[in-house]
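Every number for a ligand or one of its atoms is a count from 1 in the order of the listing. Source: prediction; values computed, not measured.
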Amino acid sequence: MGSEERSQPWWKSAVVYQIYPRSFGDSNGDGVGDLEGIRRRLDHMAWLGVDAIWLSPFYRSPMKDFGYDVSDYCDVDPLFGGLSDFDRLLAEAHARGLRVLVDWVPNHTSDRHPWFVESRSSRASHRRDWYHWRDGRPERPPNNWRAAFGDSPAWTWDEATAQWYLHLFLPEQPDLDWGNPEVVAAMHATLRFWLERGVDGFRIDVVNCLGKHPALPDLPAERARIPACALVDEPGTHALIRDIRRVLEEYPGERVLLGEVAIPWTERVASYYGEGDELHLAFNFPPLYAPWDAAAWRERVADAAAHCDPRGAWPTWVLSNHDNRRHRTRYGSEARARAAALLLLTLRGTPVLYAGEELGLEDTVIPDGRRVDPGGRDGCRAPIPWEAAEPHGWGGAEPWLPWPPEPARRSVEAQRADAGSILHLYRRLLATRRGSPALTQGDLELLPAREGVLAYRRRCGRDARTMLVNTSDESREVPLTAGLRVEVASDGGGEGRRFGGTLAPAQALILA
Ligand code: GLC
């Protein structure tokens, strides 16, 4: 039997919506989105029916990694506005019942952060040991770790002080040393700054990387080509996360920690929930990396349950974000992207949407000369087209990246006017989910199905739903569902009628 309906923390039944501020809405016409631009579009999220927004970084930054290189954790970069814009955005989001998570980037600062400027100034600096400095020779980095971008060592030689410093990402993103209690205290203070302003929680950037083995040993040779950020998994990180959780718990309300665990193994990801005393939610990327294939997904869904359920950990599901090609692009058709949306919003756990996926946006093909991201991720960061007519609700300077394909047809305006659009499908799925205890908190049972079909049932008390997802592009018979009614169809087909036992090509259904 399915679990009984009960009251549970908001973040378990929530759907989170990620906003990449540069690309969402531009209020001042400089071609880069800003906080006021987000505020003006809050009605979109409320209309869609999501519960929380997560804002990618808007802090002061030299923008080498477009905000993931922070030079002041407690201020807004002028490009995005000021603290008063943030306060207004937060208040107006709350007034609409939307919670707000901010992105916290604790593993590294910008090389322009005053802490690093001070640390770098001399070996005798009182902040020297806030970062990882190592002796050596300029031709041989201290270990074999690779940085995340550019296939280069995770180390840069500092001429002036004749030592190496560690950076798991760009040389402009030096890693903080969380083994130093002063660093821990300073970073906790940045959490408190935002908690006191009233944020509902944090998305934590590469949280698995915080703890480092004091000896920074080499990785085994067979793994040495993989960026170290996907492999660092030190036991000491768990105590650091427990301390972060305790800071959160000093504040009223159910504030939440949603950690990015960049390790590509669900079993390891699950360990970051601790004994219910570390992350509330952790990103689990193996499903995002999986092909659009029922067997592959069945395995990922079973894996999440196998590793999360025994420790009472609540899974998360994500298909797109600012670091990866959008799933509409990866899976190759809108029909598949629609079926994937139905899957994403009916699995057991908290789904995270990436702004623009509800429009079925594809990645932009970026012409030579307009590429700006050192990690090659510009394609999924194209501006959101709001209006059908140019400049699609952006006005002023040309946006910082080119439009995604078909911006007029894909705009919010055009799709709101079309009840058959993917945008309306997302809205129907969100409403169905909200109204169903089975979908928000029920158990999940995988059902036997033919090749190319993923089938599962969710139940909570007397509420039950059956989901069928056809990942193939041919029709498929599904015999065991006689008598059920189609509540939502990814292509709109047959909604409200009895299910006849055949799935159309690339179709997914919620049956009630
Ligand atoms: C995370 C972010 C990514 C960023 C990196 C370094 O993976 O999602 O955008 O480049 O961390 O902060």
Please report which non-hydrogen protein atom sits nearest to [atom], along with the residue it belongs to and the distance in Å to one decimal place.
| atom | value |
| --- | --- |
| atom 2 (C) of ligand 1 | D205 OD1, 3.1 Å |
| atom 4 (C) of ligand 1 | D65 OD2, 3.3 Å |
| atom 5 (C) of ligand 1 | F169 CE2, 3.6 Å |
| atom 9 (O) of ligand 1 | D323 OD1, 2.7 Å |
| atom 7 (O) of ligand 1 | E260 OE2, 3.0 Å |

(request) Report yes or no: does a heavy atom of K64 sit under 4.0 Å from some atom of ligand 1? (result) no
(request) Assess the side chains of N180 and D129: does a donor N or O sit below 3.5 Å from an acceptor N or O? (result) yes
Relative to the ring of [Y], is the ring of [X] parallel (under 30°), tilted (30 to 60°) or perpendicular (over 60°)?
| X | Y | result |
| --- | --- | --- |
| F169 | F149 | tilted |
| Y59 | Y73 | tilted |
| W115 | H113 | tilted |
| F24 | W386 | perpendicular |

(request) Report, in ascending order of atom number, the atoms of ligand 1 lying under 4.0 Å from any heavy atom of H108. (result) 6 (C), 12 (O)
(message) Show me which atoms of ligand 1 lie under 4.0 Å from any heavy atom of R377.
(response) 3 (C), 4 (C), 9 (O), 10 (O)
(message) Just to be sure I read this right, does ligand 1 sit under 4.0 Å from the backbone of H167, its side chain, both, or neither, counting only heavy atoms?
(response) neither
(message) Just to be sure I read this right, does ligand 1 sit under 4.0 Å from the backbone of F149, its side chain, both, or neither, counting only heavy atoms?
(response) side chain
(request) Using atom types as modelled and distance alone, determine if a side-chain donor or acceptor of T346 lies under 3.5 Å from a backbone N or O of L342. (result) yes
(request) Sequence neighbours left out, what passes ring pair (Phe, Tyr, Trp, His ring centres under 6.0 Å) with H322? Give chain and number order. (result) Y20, Y68
